[in-house]
Amino acid sequence: MGTNILEIHGLSMHYKIGGMLLGTKITAVDHIDLTLPGDKPQIMSIVGESGCGKTTLAKMILRLLEPSFGEVLIEGMPLSFYAKRKNKKAFLKKVQPIFQNPFSTFSSRKTVDTYLYETALNLDVAATKQEAKGIITEVLKSVGLDLANVAGKYPNQFSGGELQRISIARALIPKPRLIVADEPVAMIDASLRMNVVNLFMKLKDEYNVNFIYITHDLSTAYYVSDYIATMYRGNLIEYGKAKEILNQPAHPYTELLLESIPRVGKKWNEDMKLPDLESKEYGLHGCKFAGRCVYAKEICRSTKPGMLQLNADHQVLCFKHSGYQVAAGEANIGVNTAATGNHSDLSL
Ligand SMILES: Nc1ncnc2c1ncn2[C@@H]1O[C@H](COP(=O)(O)OP(=O)(O)OP(=O)(O)O)[C@@H](O)[C@H]1O
């Protein structure tokens with residue numbers, strides 16, 4: 001068993017909205033624990049609708065945001081290690097980002113191959129420009145492009161799909177252990193999305209690299225993933241092996257999501273209406289999904305569920321699986337039995 005590629009412990013992010021006095025606090029990521037095993041390269045998708053906290057989680061993994069609480073470890077090393085100036089390069093050699101809009105990744109005034117050479121030389125992957133050229137040729141070939149056709153061109157001379165493939169090639173230059181791709185197909189023509197997603201599957205073995213694929217695009221997520229993490233209003237509500245989640249979704253929200261993926265490129269089912277305002281749901285005391293859940297009982301509204309381990313590869317944040325009992329040491333402490341109504345038999 002290899003070292004876990006990613007471990008997340010009690011990770012939270014609070015944002016303040018509004019002024020110092022009248023402002024409110026939003027918990028965009030709420031005490032998330034998650035482990036991605038490192039025995040073989042994996043693709044883990046983080047799925048959830050707009051505003052559920054996916055980007056905030058990704059930014060914390062990429063060290064672009066400092067968590068309010070908790071920690072992230074990459075191959076056993078806490079991110080705090082990379083905060084030291086001398087270790088910043090080491091982080092970029094291990095973890096690389098791919099962003100949603102490839103046109104904002106590259107400046108319109110610089111040729112894209114300049115970026116590729118800079119990455120190879122600045123991260124000490126190559127000692128000379130000639131050596132860098134060999135590496136760049138190889139990574140571009142891996143994403144189906146030829147250096148001769150890329151060299152000397154500016155971003156606006158490429159399509160979105162081509163430019164995103166160049167971003168992927170650039171991320172591969174240091175042969176990282178983890179690539180965090182935040183909505184990498186969102187700005188690409190629907191017909192080309194599968195090309196990019198298929199590339200992830202090919203590259204994970206070719207480069208022995210793990211991917212975190214953040215997306216609204218459920219069909220590609222379920223197609224490409226080894227692991228799936230579903231988020232809802234800042235909570236990780238289900239996590240586990242993709243096959244198991246596809247065959248036996250345990251959370252009512254994941255069930256709903258699976259019902260809504262008839263075709264590639266499908267986003268969220270427009271019929272899925274929110275009964276509560278988003279910010280109101282964030283502030284709910286119990287399960288954030290209770291207002292939309294057909295199985296919800298009183299306990300779901302009054303008490304925050306704890307993560308329940310269904311088996312070694314599957315966990316869920318839902319009372320349904322514990323027969324609406326509070327799991328010992330899991331649910332939030334200080335459960336008000338009066339608030340839980342007739343659930344006086346709760347085993348805390
Ligand atoms: N800098 C910020 N200040 C205040 N609130 C923020 C900030 N960034 C994000 N939020 C809020 O935190 C919540 C989670 O946002 P986040 O962007 O992480 O979600 P997301 O799932 O990535 O959404 P999307 O798919 O639309 O990008 C949202 O309610 C959002 O409005």
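Residue numbers run from 1 in the order of the sequence given. The model shown is predicted, which means the values in this text are computed figures rather than measured ones. Each ligand, and each atom within it, is numbered from 1 in the order the structure gives.
No side-chain donor-acceptor contact under 3.5 Å links K204 to the backbone of L199.
The six-membered or imidazole ring of H14 lies near that of F69, with a centre-to-centre distance under 6.0 Å.
The shortest separation from a heavy atom of G53 to ligand 1 is under 4.0 Å, placing the residue in contact. The closest approach between E49 and ligand 1 falls below 4.0 Å for a heavy atom of the residue.
Taking distance alone, with nitrogen or oxygen atoms compared against 3.5 Å, T55 approaches ligand 1 more closely than that limit.
Side-chain contact, H314 with E238: a donor N or O sits under 3.5 Å from an acceptor N or O.
By the side-chain hydrogen bond (donor to acceptor under 3.5 Å, both in side chains) test, Q96 pairs with no residue at all, sequence neighbours left out. Annotation: side-chain hydrogen bond (donor to acceptor under 3.5 Å, both in side chains) contacts of T111 (sequence neighbours excluded): D113, T114.
Between E49 and R292, at least one side-chain nitrogen of the basic residue sits less than 4.0 Å from a carboxylate oxygen of the acidic one, meeting the salt-bridge criterion.
The ligand atoms of ligand 1 that sit less than 4.0 angstrom from a heavy atom of I26 are 29 (O). Remark: ligand 1 atoms within the under-4.0 Å shell around heavy atoms of C52 are 19 (O), 20 (P), 21 (O). Counting the atoms of ligand 1 from 1 in the order shown, those under 4.0 Å from a heavy atom of T56 are 15 (O), 16 (P), 18 (O). Ligand-side atoms of ligand 1 in range of A28: 12 (O), 13 (C), 14 (C), range being under 4.0 angstrom from any heavy atom. Of all the atoms in ligand 1, the ones that sit under 4.0 Å from a non-hydrogen atom of K54 are 18 (O), 19 (O), 20 (P), 21 (O), 22 (O), 25 (O). Near H216, with a cut-off below 4.0 Å to any heavy atom, the atoms of ligand 1 are 25 (O).
Residue N235 holds its CG atom at 7.5 Å from SG of C287, rounded to the nearest 0.5 Å.
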